[in-house]
Amino acid sequence: MTQIAEIIADLKAASLSVGGTINAAQQIDEVVFDSRKARQGALFVAQKGEKVDGHKYIAQAIEQGCRAVLCEEIPADVAMPDGGSIIIVDSTHKALGLAAATLYGHPSKQLKLVGVTGTNGKTSTATLLHHLMMRRGAKAGLLSTVANFIGDEEFAATHTTPDAVTIQRLMRQMVDAGCQYCFMEVSSHSLVQHRVAGLDFEVAIFTNLTHDHLDYHKTFENYRDAKKMLFDGLREGATAVVNIDDKNGMYMVQNTKARVRTYSLQRPADIKGKIVEMTFEGMLLDINGREAYLPFVGRFNAYNIMDIYGAAEALGIDGQEIMQHLSALKAVNGRFEVIRSNDGRMAIVDYAHTPDALTNVISTINEVRKTNGKNVQLITVCGCGGDRDRTKRPEMAHEAARLSDRVILTSDNPRTEDPVAIIEEMKAGLTEDDAKRTLSITDRKEAIRTALTLAKSGDIVLIAGKGHEKYQEINGVKHHFDDHEVVREVFNM
């Protein structure tokens with residue numbers, strides 16, 4: 001139970017203006033933002049969303065017995081019974097996270113919290129940091145696109161970054177379970193929507209910034225500045241770990257109060273990496289003069305390893321110990337996963353679903369196959385999600401065709417869109433020559449089967465876009481679908 005007075009104090013401490021009719025001694029035991037869950041003892045937070053305005057449901061919440069409401073304005077039809085509270089603030093999105101943090105006892109202050117933001121690499125970085133700490137014998141939590149963990153107990157994940165109340169509740173559970181650390185992906189949506197309000201980050205990591213989510217943010221500048229919010233909000237004593245090979249790296253930290261640690265493969269940095277050798281099974285990587293063979297492939301993974309190294313150092317772990325633990329870890333599910341057939345064909349399953357991520361993966365494959373001196377064919381299978389940023393569709397097809405020998409365009413998660421129409425928009429990025437090397441097969445299973453059938457011994461088939469996902473969303477319904485299963489079925493594994 002928490003008194004309204006405690007929530008008010010924390011809202012004011014975060015520079016929110018607070019007004020309304022307030023019963024300071026009133027007790028609450030839950031914070032909700034869905035009016036259907038409002039009840040006696042709950043604080044209902046009314047938020048203005050893209051499609052629904054929660055202020056329209058304040059009266060309904062009160063009818064259900066709720067006697068504490070946090071809003072930006074009081075609708076004309078609302079009357080709170082005596083003894084209740086209507087708290088008015090200038091941003092209920094920000095206030096939601098702050099109120100939840102107060103209710104759950106500010107759990108992030110009792111954890112070493114590490115946030116990872118950027119377009120690509122968030123899941124791998126956060127997940128591998130979690131694995132590293134668990135290997136050291138320290139209990140840690142994880143909030144990621146793939147799954148949430150409290151220690152080694154797994155909970156389903158529905159968003160890259162959960163809603164503010166869920167975050168605080170999960171972190172409270174982490175603290176109660178004895179976790180010392182929490183590693184979380186921080187999406188641009190969650191920053192703009194203040195889902196991470198009320199969190200105390202010990203370390204924040206910037207991976208990279210490329211074309212994505214412009215359907216939501218509208219401009220690249222808006223998307224970039226959303227990511228920057230994580231670093232703007234860091235306190236003194238925290239650490240920012242940033243990729244300075246990305247032109248936006250130093251922009252992210254130009255207003256931060258935190259200590260800045262840089263990493264790079266190309267220029268002088270606090271964490272300097274060099275790829276000594278690379279195969280399809282892994283690479284020999286040098287970081288600050290320490291070499292280790294790691295079971296990760298590609299420059300993009302070298303960047304992930306460097307930001308993990310920087311975060312772990314900021315948490316007080318010796319560099320040599322970091323490298324030893326990293327060499328024993330395994331690649332994250334659906335991230336450059338290699339599956340080999342008995343007859344010499346190779347399939348690579350990867351989550352790459354942005355033009356830059358696809359370019360990185362295909363470039364890595366090309367780099368390794370040239371190094372190995374093998375004259376093999378690369379066939380790329382890819383699609384684009386429906387109800388998402390349409391501007392990247394022709395770019396995805398263009399990059400796939402530019403860097404592959406053959407391409408098969410197919411469905412990803414079409415959601416409510418026509419998959420054929422999505423593929424047609426992708427084909428707009430193809431040249432006449434590209435089109436001759438490209439097939440369009442709407443059925444994803446058939447597309448993967450065709451690619452693997454076309455491949456000969458030694459050839460490589462990249463299956464991009466879905467990675468770890470075990471479903472395909474069509475017309476609002478999620479159907480079981482796993483790229484790995486299709487590959488193993490064709491390979492008779």
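Side chains are part of it too, since the values below use all heavy atoms of this structure and drop only hydrogens, waters and symmetry mates.
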side-chain contact (heavy atoms from CB on, under 4.5 Å) involving A42 - partner list, sequence neighbours excluded: E30, V32, R39
Taking every non-hydrogen atom, the tightest pair across A400 and T380: CB-CG2, 4.2 Å
CA sep, side-chain torsions, deciding dist, call: N23, S85, side-chain hydrogen bond (donor to acceptor under 3.5 Å, both in side chains): CA-CA 5 Å; N23 177 358; S85 298; 5.3 Å; no
Separation between CG of L294 and CG of L284, rounded to the nearest 0.5 Å: 8.0 Å
Which atom of A302 lies closest to which atom of L265, heavy atoms considered: CB-CD1, 4.1 Å
Side chain to side chain contact (heavy atoms under 4.5 Å, CB included) evaluation trace for F231 with T117: CA-CA 10 Å; F231 302 92; T117 199; 3.7 Å; yes
Test log, rule salt bridge (Lys or Arg N to Asp or Glu O under 4.0 Å), inputs D482 and K470: CA-CA 5 Å; D482 187 335; K470 296 185 183 299; 3.0 Å; yes
Cation-pi check, R224 onto Y251 ring (under 6.0 Å, within 45° of axis): yes
Between T354 and D356, a side-chain donor and acceptor under 3.5 Å: no
Smallest separation among heavy atoms of D286 and E291, with atom names: OD2-CG, 3.5 Å
Ring geometry between H130 and F183 (parallel below 30°, tilted from 30 to 60°, perpendicular above 60°): perpendicular
Interatomic distance, I422 atom CD1 to R415 atom CZ [nearest 0.5 angstrom]: 8.5 Å
Contacts of type salt bridge (charged side-chain N to carboxylate O under 4.0 Å, His left out), residue D90, not counting sequence neighbours: none
Donor-acceptor under 3.5 Å (Q64 side chain, S35 main chain): yes
Derivation of the side chain to side chain contact (heavy atoms under 4.5 Å, CB included) call for M283 and N301: CA-CA 10 Å; M283 63 181 156; N301 267 322; 4.0 Å; yes
Residue pair N222, T219: steps toward the side-chain hydrogen bond (donor to acceptor under 3.5 Å, both in side chains) verdict: CA-CA 5 Å; N222 289 344; T219 69; 3.2 Å; yes
Pair Y57 + H55: ring centers closer than 6.0 Å: no
Report all side-chain donor-acceptor pairs from residues 305-312 shorter than 3.5 Å, counting only partners two or more places apart or in another chain.
| residue | atom | partner | partner atom | Å |
| --- | --- | --- | --- | --- |
| D307 | OD1 | T125 | OG1 | 3.1 |
| D307 | OD2 | T125 | OG1 | 3.3 |
| D307 | OD2 | Y263 | OH | 3.4 |
| Y309 | OH | R290 | NH1 | 2.7 |

Side chains of I87 and I4 in contact at under 4.5 Å (non-hydrogen atoms): yes
Worked check of side-chain hydrogen bond (donor to acceptor under 3.5 Å, both in side chains) between H468 and R335: CA-CA 8 Å; H468 65 280; R335 269 63 177 177; 2.7 Å; yes
Pairwise side-chain contact, F300 with T359, heavy-atom cut-off 4.5 Å (strictly under): no
Smallest separation among heavy atoms of K122 and G118, with atom names: NZ-O, 2.8 Å
4.5 Å side-chain heavy-atom contact, D387 and E417: yes
Between N120 and N360: side-chain donor-acceptor atoms closer than 3.5 Å: no
Results of side-chain contact (heavy atoms from CB on, under 4.5 Å) for Q266 - residues two or more places apart only: D245, S264, R299, Y303
Check against side chain to side chain contact (heavy atoms under 4.5 Å, CB included), K109 and E202: CA-CA 9 Å; K109 294 181 183 294; E202 183 72 19; over 6 Å; no
Y223 and T119 side chains, donor-acceptor separation under 3.5 Å: yes
Spatial distance of atom CG (L142) from atom CE (M133) [nearest 0.5 Å]: 13.0 Å
Minimal non-hydrogen separation, I244 against A269, with atom names: CD1-CB, 3.9 Å
Cation-pi check, K466 onto Y471 ring (under 6.0 Å, within 45° of axis): yes
Matching residue for D53 among K48, Q47, E72 - test: side chain to side chain contact (heavy atoms under 4.5 Å, CB included): K48
Contact check, side chains of L132 and I322, non-hydrogen atoms, under 4.5 Å: yes
Whether over 12 other heavy atoms sit under 6.0 Å from D77 CG: yes
By salt bridge (charged side-chain N to carboxylate O under 4.0 Å, His left out) - contacts of E425 (at least two apart): R390, R393
Closest contact, heavy atoms only, L403 versus S363: CD1-OG, 3.9 Å
L358 side, atom CG; E399 side, atom CD - distance, nearest 0.5 Å: 7.5 Å
Reported CD-to-CG distance for the pair Q180 and L111, which is rounded to 0.5 angstrom: 9.5 Å
Residues in side-chain contact (heavy atoms from CB on, under 4.5 Å) contact with D10, at least two apart in sequence or another chain: T102, H106
Pair K272-R267, side chain to side chain contact (heavy atoms under 4.5 Å, CB included): steps then yes or no: CA-CA 8 Å; K272 183 67 171 68; R267 63 194 72 191; 5.7 Å; no
Pairwise side-chain contact, M184 with L113, heavy-atom cut-off 4.5 Å (strictly under): yes
Check: Q3 main-chain N/O paired with E6 side-chain donor or acceptor under 3.5 Å: yes
Distance-only side-chain donor-acceptor flag, E185 / T123, under 3.5 Å: yes
Heavy-atom neighbours of Q254 CD exceed 12 at 6.0 Å: yes
Note: E313-R261 ion pair, threshold 4.0 Å (strictly below): yes
Within 6.0 angstrom of K112 NZ, more than 12 heavy atoms from elsewhere: no
Verdict with reasoning, N255 to K228, per side-chain hydrogen bond (donor to acceptor under 3.5 Å, both in side chains): CA-CA 9 Å; N255 301 118; K228 183 174 178 288; 2.6 Å; yes
Heavy-atom neighbours of R36 CZ exceed 12 at 6.0 Å: no
Nearest-0.5 Å distance that lies between atom CG in L209 and atom NZ in K247: 9.0 Å
Atom CD of Q40: over 12 foreign heavy atoms under 6.0 Å: no
Heavy-atom check, side chain of L315 versus side chain of V114, under 4.5 Å: yes
